[in-house]
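Notes follow the structure.
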Amino acid sequence: MEPEVLKEKILKVLAFIKEQEGVNYADCRVNFIETENYATENMKVQSLSASKNLGYGIRVYVDGSLGFAGSQDFENMEATAQIALEIARATRLTQKNPVVLSVKPLVVDHYQTPVEIDPFAVSKEEKLAILFEAERLMREAAPELFRTHGNLSFRRERKTWADIEGSFITQDLYECGGGIDAVAVTRGEMQTRSYPNSSRGNFATAGFEFIREMDFPGNAPRVAREAMALLVAEECPSGIFDLVISPTQLTLQIHESVGHPVELDRVLGYEAGYAGTSFLDSVEAGKFRYGSEHVSIVADATAPRGLGTFGYDDDGIKAQRIEVITEGIFHNFISSRDTAGSAGLRSNGTARADGWGRIPIVRMTNINLLPGSFTFDELIEGVENGLYLDINRSWSIDDRRLNFQFATEIAYEIKNGKLTGKIYKNPIYTGITPVFWGSCDGVANAEYWRFFGTPNCGKGEPGQMAHCGHGSAPARFRKVKVGVADV
């Protein structure tokens, strides 16, 4: 659909809604999403898919009660608006307190992801060739491997958003990502090594240049050799150890034990059925110690290439950088207009929906642990008897985001301030969120800082998948309980 025709249709339906009795607010969001996905396994194409999806969602507040309806029928948008209005009026009958939306400015703007190479202009042959070359090199380095695997994913979204207050925002958002892994098996045991991370690899708001930069073929031999080496490695010892944790594992640690607990809808009790609430429900900002003075974390929707980077959220709030934890002290939740309004705050722009048929809810952007002042060698030198942990294998955390357990693919032994070269398999560590972050006594500097994208963060009922990012450098933690994962 031509942009001018689409704009005319959106403005027309918003004008219709504005005339209806009791309407406090309304917006219309159009999503046109294109995707491509590639996967290879054992030197064969495992899957290849492409999709296009176009639709719109209309959100209405009548006397402080929400109604929402979505459709792909652009010829009958007023009928869809009527459904949203009817739902809002029905919701009003059981209303306890009217929803109060935090204030926002009127905005007319356009945003586009910086892209050097349009991933949709790159041939399927070139994309598959990257995966096959990585697989070939893995098998060349370790012919005994049980499985080699690679995947690539690409996403392009044209988002058009407008409200009855006069805002009109368009965004062109691009995402690219992928990864490789090698699986070794013997006597009923299986070990995996992944690159650049587990859970399908790494993802960014960027073009095809990001795929080339990750250099799957260049890292394939090491991945293969380490998978085989884990089969004969000793089990990770149990006990209390000092840990240095890589950015690959800290990605998930930050996500689960910081990102989710600071979502304001969890704190208010709006989100509970899917993955629980938050232990921060009675915490006063500026007074609660979340971690040590080495722990400073931001939610930054403006970070270049972050998978949670965009121009505006689905409330029409401009992307921003929020100080969540500063030198260990908790300061800010992440919020939407409705949650911020309920708490007497101003939205900091983290409301997003995963498509036209879903209501925007509070979602992580890029939740980043800021760099410290240490070199990686200095972190290691400060450990007499410990482990360096790399790449997540599995995880578990309770409904309030307090008690957790994480397993990683590999542990490297540290003795007397040096990596010995010895590896252990099946490492696992456990902790309590503020105690664990309180045990951090060093974060590596910006030279070692890395960004990782998570394209599959689940939340909400009906469920939605958010795309978010996490940046970190290696960090050191004292006296952490370590055990052996069940495999």
Side-chain angles (χ1 to χ4, degrees), residues 1-7 29-41 44-56 72 74 109-135 149-161 169-180 196-197 199-217 301 303-312 314 319 352-358 366 451-456 465-469:
M1 188 181 301
E2 292 296 323
E4 288 305 315
V5 174
L6 179 60
K7 182 176 182 179
R29 172 173 40 87
V30 179
N31 301 86
F32 176 51
I33 300 172
E34 299 176 82
T35 67
E36 285 186 2
N37 297 284
Y38 301 79
T40 62
E41 183 173 294
K44 295 181 180 179
V45 175
Q46 182 188 44
S47 64
L48 193 159
S49 65
S51 69
K52 293 183 180 182
N53 194 300
L54 172 64
Y56 63 92
Q72 294 182 291
F74 284 84
D109 200 6
H110 174 73
Y111 172 85
Q112 179 167 326
T113 301
V115 170
E116 295 177 22
I117 304 171
D118 182 349
F120 291 86
V122 177
S123 71
K124 294 179 176 64
E125 291 77 10
E126 181 174 349
K127 293 165 180 171
L128 288 170
I130 291 173
L131 298 179
F132 282 135
E133 178 65 3
E135 280 206 69
H149 175 266
N151 64 273
L152 294 173
S153 295
F154 308 94
R155 190 176 194 268
R156 175 168 57 192
E157 179 177 11
R158 172 75 174 186
K159 184 184 293 187
T160 305
W161 183 94
I169 300 166
T170 57
Q171 300 185 78
D172 290 318
L173 307 172
Y174 287 77
E175 297 177 10
C176 290
I180 59 172
N197 207 352
S199 299
R200 296 191 288 155
N202 194 13
F203 294 77
T205 49
F208 196 77
E209 64 277 3
F210 178 69
I211 302 298
R212 291 176 177 168
E213 290 167 13
M214 285 194 285
D215 188 15
F216 295 163
R305 287 192 167 185
L307 196 62
T309 295
F310 47 83
Y312 295 85
D314 290 343
R352 290 187 290 160
D354 72 355
W356 56 266
R358 293 289 183 262
N366 303 300
F451 224 151
F452 291 94
T454 302
N456 56 345
M465 287 293 176
H467 299 201
C468 52

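FYI, the numbering just counts along the sequence from 1.
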message: Restricting to non-hydrogen atoms, name the atom on Gly201 and the atom on Pro196 that form the minimum distance, rounded to 0.1 Å.
response: CA-CD, 4.0 Å
query: Is there side-chain contact between Leu128 and Leu48, with heavy atoms separated by less than 4.5 Å?
result: yes
task: For the residue pair Thr35 and Ser51, confirm or rule out a side-chain donor-acceptor distance under 3.5 Å.
output: yes
- request: Assess the side chains of Gln171 and His110: does a donor N or O sit below 3.5 Å from an acceptor N or O?
  value: no
- line: Here the gap from His467 atom NE2 to Leu173 atom CG, rounded to the nearest 0.5 Å, amounts to 11.0 Å
message: I'd like to check Leu54 versus Phe74 (side-chain heavy atoms, cut-off strictly below 4.5 Å). Are they in contact?
response: yes
message: Tell me every residue that passes side chain to side chain contact (heavy atoms under 4.5 Å, CB included) with Gln72, counting only those two or more places apart in sequence or in another chain.
response: Asn53, Trp356
task: Report the distance from atom CD of Glu133 to atom CD of Glu135, rounding to the nearest 0.5 Å.
output: 11.0 Å
Check: Lys159 side chain, Phe32 main-chain N or O, donor-acceptor pair, under 3.5 Å: no
query: Can you list the steps and then say if Arg212 with Glu116 is a salt bridge (charged side-chain N to carboxylate O under 4.0 Å, His left out)?
result: CA-CA 12 Å; Arg212 291 176 177 168; Glu116 295 177 22; over 6 Å; no
field: Exam field: side chain Asn151 to backbone Tyr38, donor-acceptor pair closer than 3.5 Å
entry: no
task: Any chance you could measure Arg358, atom CZ, to Asn31, atom CG, to the nearest 0.5 Å?
output: 12.0 Å
task: Kindly indicate, with the supporting measurements, whether the criterion salt bridge (charged side-chain N to carboxylate O under 4.0 Å, His left out) is fulfilled by Glu125 and Lys127.
output: CA-CA 6 Å; Glu125 291 77 10; Lys127 293 165 180 171; over 6 Å; no
field: Donor-acceptor contact below 3.5 Å, side chain Trp161 vs main chain Asp314
entry: yes
query: Side-chain contact, heavy-atom cut-off 4.5 Å: Thr160 with Leu6?
result: yes
query: Which heavy atom in Arg29 sits nearest to a heavy atom in Gly355, and how many Å separate them?
result: NH1-O, 2.8 Å
task: Give a yes-or-no answer on whether the side chains of Thr309 and Asn366 include a donor-acceptor pair shorter than 3.5 Å.
output: yes
- request: Take Asp118 and Arg156 through the salt bridge (charged side-chain N to carboxylate O under 4.0 Å, His left out) test and state the conclusion after the steps.
  value: CA-CA 9 Å; Asp118 182 349; Arg156 175 168 57 192; 3.2 Å; yes
Closest heavy-atom pair and its distance - Gly306, Phe451: CA-CZ, 3.6 Å
- request: Apply salt bridge (charged side-chain N to carboxylate O under 4.0 Å, His left out) to Glu213 and Arg305, showing your working.
  value: CA-CA 13 Å; Glu213 290 167 13; Arg305 287 192 167 185; 2.6 Å; yes
task: Please determine, by modelled atom types, if Glu36 and Ser49 share a side-chain donor-acceptor pair under 3.5 angstrom.
output: no
query: Atom CG of Leu131 and atom CD1 of Ile211: how far apart are they, to the nearest 0.5 Å?
result: 9.0 Å
task: Check the side chains of Asp109 and Tyr312 for a donor-acceptor pair under 3.5 angstrom, ignoring hydrogens and angles.
output: yes
- request: Could you tell me whether a side-chain N or O of Glu41 sits under 3.5 Å from a main-chain N or O of His149, the two making a donor and an acceptor?
  value: no
- prompt: Do Lys52 and Ile33 touch side chain to side chain, with heavy atoms closer than 4.5 Å?
  reply: no
- request: Without swapping roles, check the side chain of Glu209 against the backbone of Gly207 for a donor-acceptor pair under 3.5 Å.
  value: yes
query: Going through the checks in order, is the side-chain contact (heavy atoms from CB on, under 4.5 Å) test met by Ile130 and Phe208?
result: CA-CA 12 Å; Ile130 291 173; Phe208 196 77; 3.7 Å; yes
- prompt: If you round to the nearest 0.5 Å, how far is OG1 of Thr205 from CD of Glu175?
  reply: 7.5 Å
query: Are the side chains of Pro455 and Leu307 in touch, meaning some heavy atoms are under 4.5 Å apart?
result: yes
- line: Closest heavy-atom pair, Ala319 versus Phe310, reported as atoms and distance to 0.1 Å, is CB-O, 3.1 Å
- prompt: Is Asn202 close to Phe210 at the side-chain level, that is, under 4.5 Å between some pair of heavy atoms?
  reply: yes
- line: Closest heavy-atom pair, Cys176 versus Phe154, reported as atoms and distance to 0.1 Å, is SG-CD2, 3.5 Å
task: Quick one: closest heavy-atom pair of Ser153 and Arg200, and the distance?
output: OG-NH1, 4.1 Å
field: Distance in Å, Lys7 NZ paired with Glu2 CD, rounded so as to fall on 0.5 Å steps
entry: 14.5 Å
